Amino acid sequence: MSRKVRERLEYNEKRIERRDKMLHHDRANERATVEEVFDQATRLVVFSLLNAGVLYEVNGVVSSGKEARVYWGKNRADDDLAVKIYLTSSAEFKKGILKYIEGDPRFKNVRRDTRSLFAVWAQKEFRNLEEARQAKVSVPKTIAVKSNVVVMEFIGKNGESAPSLKEVLPENPERVYKLLVTNIKRLYQKAKLVHGDLSEYNILMWKNKPVIIDMSQSVSIEHPMSNFMLTRDLTNLNRFFNKLNVNTIPVEELQKQVVGK
Ligand SMILES: Nc1ncnc2c1ncn2[C@@H]1O[C@H](COP(=O)(O)OP(=O)(O)O)[C@@H](O)[C@H]1O
Ligand SMILES: [Mg+2]
């Protein structure tokens, strides 16, 4: 190892130590969660994002799911960020991932070991969000992706994420339904993607508009399961809005509209 490299590593180690302390400054009840999710490799990923200046700090846990944890972070300009970290400990999840990746032409040449799979999963979410955004679908802006960590715009304020449709009923459900249908059409026709896990849990209400999140499982319309997934998404959507007495478009007709036939 050259002296230069060693110096650089030592320098990094020191920064890491400092950041490490900061990361552990979280409230006591959050500490355990932070330590649990940050296995050594993941910690290095977070530190490298801190070193690269993408992140300035990582604060509390916003959401703790089976497959991923979402943290509230900030950049140097004090903007809120969402840091989604896929849990490398979830074995069942690994099996699930393969199913989605295998039919997607964009991920033909990926390695199949656990760490790579999680990286692909995070890349997939990043890319899907990006493609959705280019198609003018209302999704969080992407900021960075590295290994199993995705950094994106924070939907909400001061570390409190915007409520999901599950948590807060929209004031004007007809309008929200229409907006969602428009978004799903754009996603299909322009981004050529199907969300695949659309439900009231993955739609946040922010500034009176729905924002669609959680796109790691979204698939290209070429995927053999894409039609099935679209039907399921639209069925979920209608089920939710029917309960709110919205005059929904029957799924079959809606699917035709989305596909553009
Ligand atoms: N960009 C974001 N801004 C604010 N909160 C977010 C963001 N992304 C996710 N969250 C919060 O984290 C929760 C879980 O995120 P999600 O992407 O749905 O992951 P999971 O796979 O765990 O369902 C969301 O319900 C929301 O509360
Ligand atoms: Mg979700």
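As the structure lists them, so they are numbered: ligands from 1, and atoms in each ligand from 1. Only a predicted model underlies this, so the values are computations on that prediction, with no experimental measurement involved.
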Establish, from distance only, whether the side-chain atoms of [X] and [Y] form a donor-acceptor pair under 3.5 Å.
X	Y	answer
R239	N236	yes
T248	N242	yes
W72	D80	yes
Q257	E253	yes

Quiz item: For ligand 1, is E67 a contact, meaning one of its heavy atoms is under 4.0 Å away?
Solution: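 Flag not set, E67 not near ligand 1.
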
Quiz item: Counting heavy atoms only, which of K84, K141, Q217 comes nearest to atom 19 (O) of ligand 1?
Solution: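 Looking at heavy atoms only, K84 sits closest to atom 19 (O) of ligand 1.
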
Quiz prompt | Winner among E153, E167, M215 once heavy atoms are compared against atom 1 (N) of ligand 1 | solution =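 Checking each option, the heavy atom nearest atom 1 (N) of ligand 1 is found in E153.
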
Quiz prompt | Hydrophobic cluster membership, I203 vs M215, 4.5 Å side-chain cutoff | solution =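 They do share one cluster, since a chain of ILVMFWY contacts under 4.5 Å joins I203 to M215.
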
Quiz item: Tell me, which protein N/O/S atoms are under 2.8 Å away from the Mg ion (ligand 2)?
Solution: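 Protein N, O or S atoms closer than 2.8 Å to the Mg ion (ligand 2): N202 OD1, D214 OD2.
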
Quiz prompt | F240: ring-ring contact (aromatic ring centres under 6.0 Å, His included) partners, not counting sequence neighbours | solution =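 So F240 forms no ring-ring contact (aromatic ring centres under 6.0 Å, His included) with any residue.
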
Self-check item: atom 10 (N) of ligand 1 [closest protein heavy-atom partner, distance rounded to 0.1 Å]
Solution: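 It is V70 CG1, 3.9 Å.
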
Quiz item: What part of I155, side chain, backbone, both or neither, has a heavy atom within less than 4.0 angstrom of ligand 1?
Solution: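 Both backbone and side chain.
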
Practice problem: Give the contacting part of D214 toward ligand 1: side chain, backbone, both or neither, where contact means a heavy-atom distance below 4.0 Å. | Solution: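 Both backbone and side chain of D214 come within 4.0 Å of ligand 1.
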
Show me the donor-acceptor pairs within less than 3.5 Å that the side chains of residues 206-214 make with the rest of the protein, sequence neighbours left out.
| unit_1 | atom_1 | unit_2 | atom_2 | d |
| --- | --- | --- | --- | --- |
| D214 | OD1 | K84 | NZ | 3.1 |
| D214 | OD2 | N202 | ND2 | 3.3 |

Exercise. Using the salt bridge (Lys or Arg N to Asp or Glu O under 4.0 Å) rule, collect all pairs that involve residues 140-152, keeping only residues at least two apart or in two chains.
Key: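 Qualifying pairs: none.
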
